[in-house]
Amino acid sequence: MRFWNCIPLSLLVLTVFTTASQVSWKSHSTAQSDTLLDVLNRDEDYTLLLSLLQRARLIPTLNKFNSSTFFAPTNDAVKRRADKSTLWQSLLYETRTFVPDNVQEQLRQQLFYHLLNYSLYELPEDSSMQTLKTLLFPHSPTDSPPNEPPSSPWFPIPHGLLGDQPQRLRLTSRDGSTWVGVNTFGNGGSKLVKEKVEATNGIVYGIADVLEPPPDIMTVVGGLKSLSYFQKVLTPEIERFLNSTPELTLFMPLDSAWESLDPLERLYLESDFAADDLRGILDMHVVAEPGVRWSESFESSTESSTIISGAKLVHPDVYAGNGVLHLVSSLLVPQGALQLTPEKYLLALNCTSFVSLLHSVNLEHLINNTDNQYTILAPRDDVLSLSAYALPEAGSPDLKRALEYHFLPGLWKPNKLEDEMLLETELRELGLDDGRQVIHIDVHDGEKTDVQPRHITFGGAGMIGEHVEINNTVIYFISRPLDPPVDPLQTALPSLDLSSFLAAVFSTSLADVIKRMPRTTFLIPRNSAFKRLGLLVSDHLLAASSKQDLENIILHHIIDNVEYSKNLVKGSQRTFATLEGSDLQLERTEDEAVVISASGGWAGMKSALFPQNMLTNTGVIHEVSDLMIPRSVELNVGKLMKAAKATTMTNVMTKAGFDWILDGTPPPEGSEWAEGGLGGNTWTLLCPTDDAFKKYNLTQLLEDVDRTTCNFSMKDILNNNRPLPLDQLGSYLTLLSPSSTYGDIVFKELDDKTAAGYMVGIKNARGTDGKADWARVLSWGRTTTGSGTGGVVQIDQLLVPYHPSWWIEYGPPSFVGVVGVVLICLFFYGVHVFWNRESTEATYEPVGGFGRDCDDS
């Protein structure tokens, strides 16, 4: 696109164009003496010049002039020129090594540049410059001259690359001498070395060097040091334009003028992608109207300077073969005319591959619109060149989806970003009902110092270097291309701690449904949840016959809306609908912890929420600590026994009439259990494995149903998803407890921590080898029927009701009775012996009577 009319003619005020006084090409035929040729012939310093005039067939032309000025190069000047020019050398020494044409067009043009069509009598005496019009009318080198010269004399045709205007010369005085052909700054040129010689048809000035006609504007621009920046950003297309365009008037800004542009704008202009914009800038500095505009056609804006569209004219009239160049102080670019889009900056900032990929999927509108505000996450070319970051095929829908994920609506500068933020992207997902996908932001401030930069990651990709702010765009350079979120199952698959639940999902027919279900939040339990749930419950859910229960549980973990962490942790909503049909209840604590309650399961069934914000193409994933069972899933003793593969125990219970326990229903009306007031109890079954029955006579065992009743507990207190609070290690009642001293059972923790870590035995059982009195706990499972406080505890031995032997049952009390009788008898015998001793003891009298002692004394 060209801006030909950016410089109005009103800003280039033209004055009356005047030309120097010239005489007619044709003169009256009169006798003449001392013509220009006579002057040249008499001076031996011009012999080589005369030779060139003859070769160029200009002798008749000089004779026809009535009034002219000839700046005649001396022999030394011609020799110096011949040393540099193959053409002049071949012409001087009549060689045929370089003869471009029959009429020596190039030589004629150069010689015409030394001729004026009027007599110049007065030379400047000070440093002021005088402008002279020559007989040179430059034309394009592609215009081949005819093979045969036209009829003599051969006069220049007033038409060419400068329109109907001839090329110009400057004349000035410098260092006490007169110089002709100086440049716009008064430098260079050829010194007048011979005195003025007047002839009847003109004046001759001898000069020290051959005058070189100005080249095309492109060559002129390339030789000016003050235009080094423009030379740096030149494109081949601009070079061709400056080389070949006739009647060109160009206002060229100095190097200092380009510094007014933003550094990023200059960086873009210096790239290989700014050709169109550079051409647009050039066109804003070119006069659109035909005709060359020299500085005398401008009207001075002030006494000391001329202003062109707000720019000061610094150096006017730099002559060129196809026009004129004017140097100005600033860019002639109207406000807002230079529209640099984000695409252009990305190209300049080494993101060309990224831009190319955007074009391949027709997303160029995201980087070509300067009105919309975007934050762009752009990988540089060196990043995309790494094979580790393979992108989808160019032009594919997957690539378009990936690239849209790199654009964030709005201007997100670093000071606006916070840790754990979720920002919307330009990617719209079908799985979000055409809503915008979000990207996760991590911000690490590190040391709180003024010089410590913020480390920011976008979707796991780190920021490289500094961000760039351009008009309505912020650009971050990232360490790798971003991968948009995928389906929930593929997102969770790399997390090994979620593998158990994912395996359960893949075992059902829900996998494809979950991948496509729009706007959902997936709550996935960790592997430890299945261990806490109990092996029997897990085995039941994973059994082929329990697919419906498992699917209901899976759907109960999917919230029917997208709920990111912020809404779950700090929101006001407490009830969330699931795809299963029932709701989840959320409880928020003061420390921002979240506990989730299922709609079913057993009393106190809760799960801790671990907000993760694992983004998917349908919503988000969070982790939970425990499996949540909805009310649509019923777990009874029978299902858990089936999961335990306890076929024998199931048959025994059915034969014993305990099928109502298996079904989780109250006992039949009129049965001894109903009349005994056991209808409201929940039951925990100690379930031996089938191997535990191998050493028993099943026929006899089925006839003696009382032998199995010690395997039932009526304990109602539960803990840690277990059917019994094993960690309390207390005693528990069984169905035998009302009728037997040895009806209670007790749990003990094992020291070796093998298996489930516990053993169970009959309370107070003794006197045997103990193998039938206790068993190891292998696994357990909890039921949801009744009040949800029962279950099944699988053990490795059958607990047989304890019946002590007669000597154990009656020996101790008999022994105690006998000992008691013996002790009583011994007591009374002792009393008797003592009493008889007191009553039969003998009394003695002294010899001589009691009075003998007195007499003796």
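Here the side chains of V792 and V637 are in contact, with some heavy-atom distance below 4.5 Å. Within the 4.5 Å cutoff, side-chain heavy atoms of L586 are placed close to those of F576. Here the side chains of V594 and P611 are not in contact, with every heavy-atom distance at 4.5 Å or above. For the pair M614 and H622, the minimum side-chain heavy-atom distance is 4.5 Å or more. Using a 4.5 Å cut-off on side-chain heavy atoms (C-beta onward), E587 and K606 make contact. No side-chain heavy atom of T665 sits less than 4.5 Å from a side-chain heavy atom of D659. Taking the side chain as every heavy atom from C-beta outward, V633 and T784 never approach each other to under 4.5 Å. Taking the side chain as every heavy atom from C-beta outward, P668 and W660 approach each other to under 4.5 Å.
Looking only at atom types and distance, the side chain of E634 has no donor-acceptor partner in the side chain of T785 under 3.5 Å away. At a cut-off of 3.5 Å, with distance as the only test, no side-chain donor of T508 or E551 sits close to an acceptor on the other residue. One side chain, D690 or T648, offers a donor N or O that lies under 3.5 Å from an acceptor on the other.
Within the 3.5 Å criterion, the main-chain N or O of G571 finds a donor-acceptor partner in the side chain of R588. Distance alone, capped at 3.5 Å, places no donor-acceptor pair between the S779 side chain and the L536 backbone. The closest donor-acceptor contact from the side chain of T589 to the backbone of A593 lies under 3.5 Å. No side-chain donor-acceptor contact under 3.5 Å links Y564 to the backbone of L615. D442 places no side-chain N or O within 3.5 Å of a backbone atom of D419 that could act as its donor or acceptor partner. Between the S500 side chain and the N527 main chain, no donor and acceptor come within less than 3.5 Å of each other. A donor-acceptor distance shorter than 3.5 angstrom exists from the side chain of Q794 to the backbone of A644, with no hydrogens or angles considered. Side chain of D487 to backbone of L489: a donor-acceptor contact under 3.5 angstrom is found. Formation of a donor-acceptor pair under 3.5 Å by the S546 side chain with backbone atoms of L542 is not found in this model. Distance alone, capped at 3.5 Å, is enough to place a donor-acceptor pair between the T521 side chain and the E563 backbone.
For H556, there are no ring-ring contact (aromatic ring centres under 6.0 Å, His included) partners, not counting sequence neighbours.
Contact detail for A692 and D796: the closest heavy-atom pair is CB-O, 3.5 Å. Scanning all heavy atoms of the two residues, the minimum distance from V624 to I596 falls at CG1-CD1, 4.0 Å. Closest heavy-atom contact between S538 and F530: OG-O, 3.2 Å. Closest approach of G459 and I439 over heavy atoms only: N-CG1, 3.7 Å. Annotation for L584 and A598: closest pair CD2-CA, 4.1 Å, computed over non-hydrogen atoms. Scanning both residues, S607 and M628, for their nearest heavy atoms gives CB-CG, 4.0 Å.
Relative orientation of the F501 and H557 rings is tilted, given thresholds of 30° and 60° on the angle between their planes.
In this structure, R428 places its CZ atom where more than 12 heavy-atom neighbours from other residues, nucleotides or ligands lie under 6.0 Å away. For L496, the CG atom counts as loosely surrounded, since its 6.0 Å shell holds 12 or fewer non-hydrogen atoms of other residues, nucleotides or ligands.
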| message | Using the rule given for salt bridge (Lys or Arg N to Asp or Glu O under 4.0 Å), can you reason through K639 versus D549, listing the C-alpha separation, both sets of side-chain angles and the distance that settles it, and then say yes or no? | response | CA-CA 11 Å; K639 291 182 178 180; D549 285 348; 3.4 Å; yes
| message | Could you walk me through whether E420 and K566 satisfy the salt bridge (Lys or Arg N to Asp or Glu O under 4.0 Å) test, starting with their C-alpha distance in whole Å, then the side-chain angles of each, then the deciding distance to 0.1 Å, before giving a yes or no? | response | CA-CA 9 Å; E420 302 295 330; K566 184 177 181 180; over 6 Å; no
| How far apart are the C-alpha atoms of S565 and Q612, what are their side-chain angles, what is the distance that settles it, and do they pass the side-chain hydrogen bond (donor to acceptor under 3.5 Å, both in side chains) test? | CA-CA 7 Å; S565 296; Q612 298 295 322; over 6 Å; no
| T425/Q437 under side-chain hydrogen bond (donor to acceptor under 3.5 Å, both in side chains): CA gap, chis, key distance, verdict | CA-CA 6 Å; T425 69; Q437 183 59 270; over 6 Å; no
| task | For the pair Q585 and T575, evaluate side-chain hydrogen bond (donor to acceptor under 3.5 Å, both in side chains) and give the outcome as yes or no after the intermediate values. | result | CA-CA 5 Å; Q585 302 292 327; T575 302; 3.1 Å; yes
| Test log, rule side-chain hydrogen bond (donor to acceptor under 3.5 Å, both in side chains), inputs T783 and N636 | CA-CA 5 Å; T783 61; N636 54 39; over 6 Å; no
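Geometrically, R526 engages F610 in a cation-pi contact defined by less than 6.0 Å to the ring centre and at most 45° from the axis.
Taking a cutoff of 4.0 Å between a charged side-chain nitrogen and a carboxylate oxygen, E429 and R401 qualify as a salt bridge. Between R532 and D626 there is a salt bridge, since at least one side-chain N of the basic residue sits less than 4.0 Å from a carboxylate O of the acidic one.
Each of L579, V562, N561 was scored for a side chain to side chain contact (heavy atoms under 4.5 Å, CB included) with T520, with one residue passing: L579.
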